[in-house]
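A short worksheet on the structure shown next.
A quick note: this is a predicted structure, and the numbers were derived from the prediction, not measured.
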Amino acid sequence: MKNVLIIGATGTLGSAVRQKLLKESNHHLTLFARSADQLDPNPQEQIIAGNVMNDADLDSAVKNQDAIFVALSGPLGVYAEKIIAAMKRQKVARLIFITSMGIYNEIPNFIGVGGNLEYNPVLRPYRDAADEIEATDLDYTIIRPGKFMRGPVDYEITHKGEPFGGKYVTISSIADLVLKLIANEHLYCQESVGINTPA
């Protein structure tokens, strides 16, 4: 059993990862969100209502965790900086962080190069977060998903420097990868991986 913190627990991916872990693991979950009152915890979980920008809130949530999963939107570079600092204060090493495909201009023509950072400035905060994380010595894995869709677990992984594999990925596939990353802290450690569902 591990202690796992989900930051962004009320979002699409946070919710999917939560349900996957509850169903397929005995990990103890800490659910961290601004709107934590929306959550109905079971005995395997605790809830912390808090703000990523508040160091005291983050320290309280990060303390004694074995792995931290982050799925947020907004100024991700700033959020990543705050989370990294809290992890260092609390001596927690394993970070799994959701960014986006295209942050390294790795989307090939057949998918649509317009989705790359070079043409899509909306991705800048996702790249900023990745840069912050990659500059650390944490046991991080950055996940770069395609566009979300519903469907069964079915995915392929691409590595940084390789062309991205496809436009879409099922939410269940991302949750499955996160489950594996929590179970094995060496899997894709200090890597940035793309995930897509084959067409």
Side-chain angles (χ1 to χ4, degrees), residues 1-100 125-143 145 171 174-192:
M1 186 188 84
K2 294 182 178 178
N3 293 324
V4 179
L5 170 62
I6 299 177
I7 296 179
T10 56
T12 300
L13 283 186
S15 299
V17 167
R18 175 194 180 194
Q19 295 306 321
K20 183 80 169 178
L21 293 174
L22 287 175
K23 187 176 179 183
E24 299 186 27
S25 81
N26 64 348
H27 300 323
H28 179 267
L29 308 183
T30 300
L31 310 176
F32 184 90
R34 280 181 299 190
S35 51
D37 54 351
Q38 296 177 14
L39 299 167
D40 184 20
N42 75 16
Q44 214 174 317
E45 300 175 305
Q46 69 170 335
I47 288 175
I48 296 179
N51 188 326
V52 174
M53 297 303 292
N54 184 303
D55 290 347
D57 288 353
L58 263 187
D59 283 344
S60 173
V62 168
K63 187 176 182 180
N64 297 323
Q65 301 293 341
D66 297 303
I68 296 172
F69 171 72
V70 182
L72 295 170
S73 58
L76 287 186
V78 179
Y79 292 164
E81 192 177 349
K82 285 284 190 181
I83 292 164
I84 290 163
M87 291 178 69
K88 291 188 173 182
R89 287 193 298 270
Q90 300 300 327
K91 297 179 171 52
V92 177
R94 186 62 167 138
L95 174 63
I96 302 162
F97 200 104
I98 299 291
T99 60
S100 172
Y126 296 89
R127 176 59 185 268
D128 290 345
D131 289 347
E132 289 284 345
I133 294 163
E134 288 176 318
T136 73
D137 58 0
L138 295 174
D139 297 333
Y140 66 81
T141 303
I142 295 165
I143 299 175
I171 294 165
I174 301 169
D176 187 76
L177 175 59
V178 173
L179 179 77
K180 289 179 169 64
L181 291 169
I182 291 167
N184 179 3
E185 64 268 22
H186 303 296
L187 181 64
Y188 304 131
C189 184
Q190 295 193 329
E191 285 194 59
S192 174

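In this structure, CG in Leu138 is found 8.5 Å from CD1 in Ile133, a value given to the nearest 0.5 Å. Note that the CG atom of Leu29 and the CG atom of Leu21 stand 5.5 Å from one another [nearest 0.5 Å]. Distance OH/Tyr140 to CZ/Arg94: 11.0 Å, rounded to 0.5 Å. Taken to the nearest 0.5 Å, the CD1 atom of Ile83 stands 11.0 Å off from the CD atom of Glu132. Separation of atoms CZ (Arg18) and CG (Leu13) is listed at 14.5 Å; rounding is to 0.5 Å. The line from CD1 of Ile84 to CZ of Phe97 is 7.5 Å long, rounded to the nearest 0.5 Å.
Side-chain atoms of Asp139 never come within 3.5 Å of backbone atoms of Ala93 as a donor-acceptor pair (strictly under, hydrogens ignored). Looking at Gln44, its side chain does come within 3.5 Å of a backbone N or O of His27 through a donor-acceptor pair. Between the side chain of Asp66 and the backbone N or O of Asn3, at least one donor-acceptor pair lies under 3.5 Å.
Two residues are said to be in side-chain contact when any heavy atoms from C-beta on lie closer than 4.5 Å; Glu24 and Leu22 fail this criterion. Contact annotation: the side chain of Leu179 approaches that of Lys20 to within less than 4.5 Å [non-hydrogen atoms, C-beta and beyond]. At a threshold of 4.5 Å between non-hydrogen side-chain atoms, the residues Leu177 and Tyr188 count as touching. Residues Ser60 and Ile48 have side chains in contact (heavy-atom distance under 4.5 Å, counting atoms from C-beta outward). For the pair Ile143 and Leu181, the minimum side-chain heavy-atom distance is below 4.5 Å. Looking at heavy atoms from C-beta onward, Asp128 lies out of side-chain contact with Glu81 at the 4.5 angstrom threshold. In this structure the side chain of Thr136 never reaches within 4.5 angstrom of the side chain of Met87, judged on heavy atoms. Residues Phe32 and Val52 have side chains in contact (heavy-atom distance under 4.5 Å, counting atoms from C-beta outward).
Contact record, Tyr79 with Ser73: CE1-O, 3.3 Å, taken as the closest heavy-atom pair. Leu5 and Gln65 make their closest contact through N-OE1, 3.3 Å (heavy atoms, listed as atom of the first residue, atom of the second, distance). Residues Tyr126 and Leu76 come closest through the heavy atom pair CD2-CD1, 3.3 Å. Pro125 and Gly74 get closest at one heavy-atom pair: CB-O, 3.6 Å. Contact between Val62 and Val92 at its shortest, heavy atoms only, is O-CG2, 3.5 Å. Heavy-atom minimum distance, Gly8 versus Leu72: CA-CD2, 3.8 Å.
For the residue pair Glu191 and Thr141, no side-chain donor N or O sits within less than 3.5 Å of a side-chain acceptor on the partner. Defined by atom type and a distance below 3.5 Å, a donor-acceptor pair is missing between the side-chain atoms of Glu134 and Ser192.
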Stepwise, does the side-chain contact (heavy atoms from CB on, under 4.5 Å) test hold for Leu58 with Gln90?
CA-CA 10 Å; Leu58 263 187; Gln90 300 300 327; over 6 Å; no
Carefully, step by step, assess Glu45 and Leu39 under the rule side-chain contact (heavy atoms from CB on, under 4.5 Å).
CA-CA 10 Å; Glu45 300 175 305; Leu39 299 167; over 6 Å; no
After noting the C-alpha distance and the side-chain angles of Asp131 and Arg127, does the key distance pass the salt bridge (Lys or Arg N to Asp or Glu O under 4.0 Å) rule?
CA-CA 6 Å; Asp131 289 347; Arg127 176 59 185 268; 2.9 Å; yes
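Shown here is Asn184, whose CG atom has more than 12 heavy atoms of other residues, nucleotides or ligands within 6.0 Å. Counting heavy-atom neighbours within 6.0 Å of Lys2 NZ, excluding the residue itself, gives a total above 12. For Arg89, the CZ atom sits in a packed shell: over 12 heavy atoms of surrounding residues, nucleotides or ligands are nearer than 6.0 Å.
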